[in-house]
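Numbering starts at 1 and runs along the sequence shown. Each ligand, and each atom within it, is numbered from 1 in the order the structure gives.
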Amino acid sequence: MKTSTQVVVIGGGVVGASVLYHLTKAGWTDVVLVERKELTAGSTWHAAGGMHTLNGDPNVSKLQQYTIELYKEIEAASGQDCSIHLPGGLMLADTVERLDWLKMAVARGRYLGMDLQLISVAEAKAVFPLLEEQYFLGALYDPVEGHVDPSGVTHAYAICARQAGAEVYRNTWVSALSQRADGTWDVVTDQGEIHAEHIVNAGGLWAREVGRMIGLELPVLAMEHMYLVTEDMPEVAAHNASTGHEMPMALDFSGEIYIRQEQGGMLLGTYEQACVPWSPKQTPWDFGARLLEPDLDRIAPSLEVAFAHYPAMATAGIKRVINGPFTFSPDGNPLVGPIRGIRNCWVACAVMAGLSQGGGVGLALANWMTQGEPGLDVFGMDVARYGDYATLAYTNAKVRENYSRRFRITFPNEELPAGRPLRTTPIYGRLTEANAVWGASFGLEQPLWFQAAGEPAVENVTFHRSNAFSRVADECHAVRERVGITETSNFAKYEVSGPGAETWLSSMLTNRLPAVGRIALSAMLNPAGRIEGEFSVARTATDHFFLFGSLPAEVYHSRWFMAHLPVDGSVTFRVIGLGLVGLSLAGPRSRDLLQSVTDTDLSTPSFKFMDFKRIDVGMIPAWVGRMTYSGDLGYELWVTPEHQLALYDLLKLVGQPYGLADFGLRALLSLRLEKSFGTWFREYRNIYSPLEAGIDRYLKFDHDFIGRAAVEAEQAAGGPKRRLVTFVVQPGEGAEAADVIGDEPVWHDGQVVGWITSGGYAHYVQRSVAMGYVPTELAAPSVTGFEVEIIGVRRPAQLQPEPLFDPAGRRMRQ
Ligand SMILES: Cc1cc2nc3c(=O)[nH]c(=O)nc-3n(C[C@H](O)[C@H](O)[C@H](O)COP(=O)(O)OP(=O)(O)OC[C@H]3O[C@@H](n4cnc5c(N)ncnc54)[C@H](O)[C@@H]3O)c2cc1C
């Protein structure tokens, strides 16, 4: 065994083996994999081997596609049989909503390069004769679905990696990890110690325990999962004989069932409602490659549906029942990437669909480790999407919710209830009294909209317009015509200070830093010149700054900042979290209202647009910035938590004569659309350059910043190849009306030319608006003939070259 190496990958399941393989492929060959028992001895050996390309996140879909395409390559290179079967797969819709969902999946597939087809029930029956037509409305057919042998795949990865120089140590248990001052690791095993530059936790069922070796509580939980395999079935033999093909795979949403051919019979697995976590607190180290006791009663409701939907299954004998544990994160997607604040520590765990996702996970992580970036948009599986709030109990609640909803639709306006409320601000009770409908982001409750008094504060979930529509319209009008107040604590807040603060921040951000007492908007780029972050930067002293950014990206952004901090201690970087909470006043009467409770002169000459000052509001000390995301006259007020309730009560009291109204996130997002303001995670992500996103105004080439050279190269090469644009869309009539959600394809001249990043109804200007990326040559105002495909219908869309509301920006500055 080596005593020193560049990387130790901990865990020899399909994921660890894929990471090892991809590291060698990326050129790092002094790498080892350490496995407690035999390869596949965790959850991999008893997996059903099924794989498919569809995922709610299009970026994860791409990685699933990559994974499936990789198998032929590793099979050929290793000589190891992976038993690749690609009979295609059906997703069977039993409700109108599910059919709509499938239409959207087909549409997304268009720009992802997937060949997905919507077919009738009769067509589905023709390829999958076991189904009973009366239960279904239609189906999606995906030719790139199938199954592999999980053990074969794992060994194929390992063989290829070994061929390139990697080493694999079986029967070697990592019992402790400790980090040296230089950031390298001592990996203690029962076969001796290995000194490594990097460690990768691919511990699967034990990823949580491996994390705990260094004080990390990763949000991972194992669930029991059952599938059964039938005896040979004559119906299957008849189909194979008449078509010469294997049965396709099928997903049956109402029964929470997946089903596929296994030799001469069928394999049927369930995501049952009565789901059960396995070893919820601690995975025993002595758990070997064994199965759990099957519990057919637990999956009986799903079996009942299966026997009705596929009658031949009811009479088939059951050959074996498998019950095994495998791991999930709270949202069901993997946890991949570097851990914030711990050098050279990487994870690749909670991969619940290792055969669909393992290749993509390995590719992304290997890119990240060898090149500093994943090279792909992997936020959907970045470990940084969870913060410290994701405790063991939170994870348990969310994973059970996710497991039992695995085949349920989550509507774009749906907020899932498990693990809530967990984080609240001091005005939570007041806003609840005001009939707020709540959502949660990064564990924090945020008001979405306000229901009329006496009506239940509940939103109908739908792909169309919900009961929130008219209420949100009223909130938008209140802001544009009078003044509104909303909670803004759902921003991430950071404090940067110290003698080196100015120089360091300047090197991190694209814009010139603001003068003391001012705010500047700025982007943060990676070396490839792609947008890593977008912030409001407020300067309160020569060496003191506040940064405001996206809350769900708090760990993501702070990880980036912390990794780039100077080592000389000249800069202090602090995540403020809920140490500062906020309220925003927006609308033409906001100044008059605020002036009535402060002695500070708020007239424009003394308190200009983008000024940032410490003022007293009533008795309450507050940092106040003159800006709002609504694009109107407005203020953001930041206070310590003990003051927020008094501030809210004061503003509500004095606000009455000004017509002050509560408004929520839905209204704010609607108002920003009519200003064509982009938002983090949608318009701004690390796959877009600032030139593509049209935030050139944030770029100042009077200072050096990360990514500058790449932007200059992009400019020198003729500018961006695609551009962010705004469309006004015809959304359909009456109950059929639907606004974009995001991820819809943009058509032009009969071709898919781009995709939508976000949109919705802009209530004040009364237009359905969509923002998205199209090729630069099509981004000219004169170009017509666009369509956006919304729930299976191509809707005419018109480019909107300037903001629909106040294009000159006078309202903000008045
Ligand atoms: C019944 C069932 C059916 C499934 N069906 C499918 C399916 O059809 N399709 C699909 O894609 N997925 C399926 N899965 C899920 C799939 O099994 C997992 O996604 C996959 O196995 C995850 O692989 P992994 O490498 O992350 O974890 P694991 O397979 O658990 O591997 C982790 C490895 O790390 C080793 N290890 C842990 N800690 C240490 C340590 N300290 N020192 C040394 N070694 C260590 C373990 O021994 C283990 O071998 C199924 C799972 C089950 C239970």
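Nearest non-hydrogen protein atom to atom 15 (C) of ligand 1 is Phe326 CD1, 3.1 Å. Given atom 23 (O) of ligand 1, the protein heavy atom at minimum distance is Thr44 OG1, 3.3 Å. Nearest non-hydrogen protein atom to atom 42 (N) of ligand 1 is Val174 N, 3.0 Å. Nearest non-hydrogen protein atom to atom 36 (N) of ligand 1 is Gly11 CA, 4.0 Å. In terms of protein heavy atoms, atom 2 (C) of ligand 1 is closest to His225 CD2, 3.6 Å. Counting only heavy atoms of the protein, atom 11 (O) of ligand 1 lies nearest to Leu355 N, 2.8 Å. At the shortest separation from atom 16 (C) of ligand 1 among protein heavy atoms lies Ala47 CB, 3.9 Å. The protein non-hydrogen atom at the shortest distance from atom 6 (C) of ligand 1 is Ala48 N, 3.5 Å.
Residue-ligand proximity: Trp285 is placed with a non-hydrogen atom under 4.0 Å from ligand 1. Met352 counts as a contact of ligand 1, since one of its heavy atoms falls under 4.0 Å from the ligand. Within the 4.0 Å heavy-atom cutoff, Thr172 counts among the residues contacting ligand 1.
Counting the atoms of ligand 1 from 1 in the order shown, those under 4.0 Å from a heavy atom of Ile10 are 39 (C), 40 (C), 42 (N). If you number the atoms of ligand 1 from 1 as listed, the ones under 4.0 Å from a heavy atom of Gly324 come out as 53 (C). The atoms of ligand 1 that sit less than 4.0 Å from any heavy atom of Trp173 are 40 (C), 41 (N), 42 (N). Short contacts between ligand 1 and Gly204, defined as distances under 4.0 Å to a heavy atom of the residue, involve ligand atoms 26 (O), 27 (O), 28 (P), 30 (O), 32 (C). Near Gly12, meaning under 4.0 Å from one of its heavy atoms, ligand 1 places the atoms 33 (C), 34 (O). Under a 4.0 Å criterion applied to the non-hydrogen atoms of Val351, ligand 1 contributes the atoms 18 (C), 19 (O), 22 (C). Per-residue contacts place Val15 under 4.0 angstrom from the following atoms of ligand 1 (heavy atoms of the residue considered): 23 (O), 24 (P), 25 (O), 26 (O). Counting the atoms of ligand 1 from 1 in the order shown, those under 4.0 Å from a heavy atom of Tyr227 are 1 (C), 3 (C).
Contact annotation for Glu209 and ligand 1: no heavy atom of the residue comes within less than 4.0 Å of the ligand. Contact annotation: for Val210 versus ligand 1, heavy atoms closer than 4.0 Å belong to the side chain alone. Heavy atoms of Trp278 found under 4.0 angstrom from ligand 1: none, in either backbone or side chain. Proximity of Pro325 to ligand 1, defined as any heavy-atom pair under 4.0 Å, is confined to the backbone N, CA, C and O atoms. Contact annotation for Ala202 and ligand 1: only backbone heavy atoms (N, CA, C, O) come within less than 4.0 Å of the ligand. With a 4.0 Å heavy-atom cut-off, ligand 1 is reached by no atom of Thr327.
Taking the six-membered ring for Trp and the full ring otherwise, Trp28 and His198 have centroids separated by under 6.0 Å. The aromatic ring centroids of His309 and Phe136 lie less than 6.0 Å from each other. Aromatic rings from Phe128 and His245 are positioned such that their centres are separated by 6.0 Å or more. Ring-centre distance between Tyr271 and His225: below the 6.0 Å cut-off.
Defined by atom type and a distance below 3.5 Å, a donor-acceptor pair is present between the side-chain atoms of Asp142 and Thr53. Side-chain contact check for Glu246 and His147: at least one donor-acceptor pair (N or O, by modelled atom type) lies under 3.5 Å. Judged purely by distance below 3.5 Å, without hydrogens or angles, the side chains of Ser254 and Asp94 pair a donor atom with an acceptor atom.
Minimum heavy-atom separation, Asn367 to Pro374: ND2-O, 2.8 Å. Taking each heavy atom of Val34 and Thr189 in turn, the nearest pair found is CG1-CG2, 4.4 Å. Val555 and Gly387 get closest at one heavy-atom pair: CG2-CA, 3.9 Å. A pairwise comparison of heavy atoms in Val336 and Trp368 identifies O-CZ3, 3.9 Å as the closest pair.
The side-chain tip of Arg36 points at the ring of Trp206 from less than 6.0 angstrom away and within 45° of straight on.
Between Glu209 and Arg212 there is a salt bridge, with a side-chain nitrogen of the basic residue lying less than 4.0 Å from a carboxylate oxygen of the acidic one. In summary, Asp186 and Arg180 engage in a salt bridge, as defined by a charged side-chain N under 4.0 Å from a carboxylate O. Salt bridge status for Glu231 with Lys319: absent, with no side-chain N to carboxylate O gap under 4.0 Å.
Polar contact with ligand 1: absent for Met51 (N/O pair, distance under 3.5 Å). Considering backbone and side-chain atoms alike, Leu205 places an N or O below 3.5 Å from some N or O of ligand 1.
Checked options Glu256, Glu272, Glu293; the residue passing with Arg298 is Glu272 (criterion: salt bridge (Lys or Arg N to Asp or Glu O under 4.0 Å)).
In this comparison of Arg36, Met213, His52, Glu35, the heavy atom closest to atom 48 (C) of ligand 1 sits on Glu35. Closest heavy-atom approach to atom 8 (O) of ligand 1 among the candidates Ala41, Ser175, Gly16, Gly50: Gly50. Closest to atom 17 (O) of ligand 1 by heavy atom, among Gly13, Ser43, Ser18, is Ser43.
A 4.5 Å side-chain heavy-atom check between Leu70 and Tyr21 finds at least one atom pair inside the cut-off.
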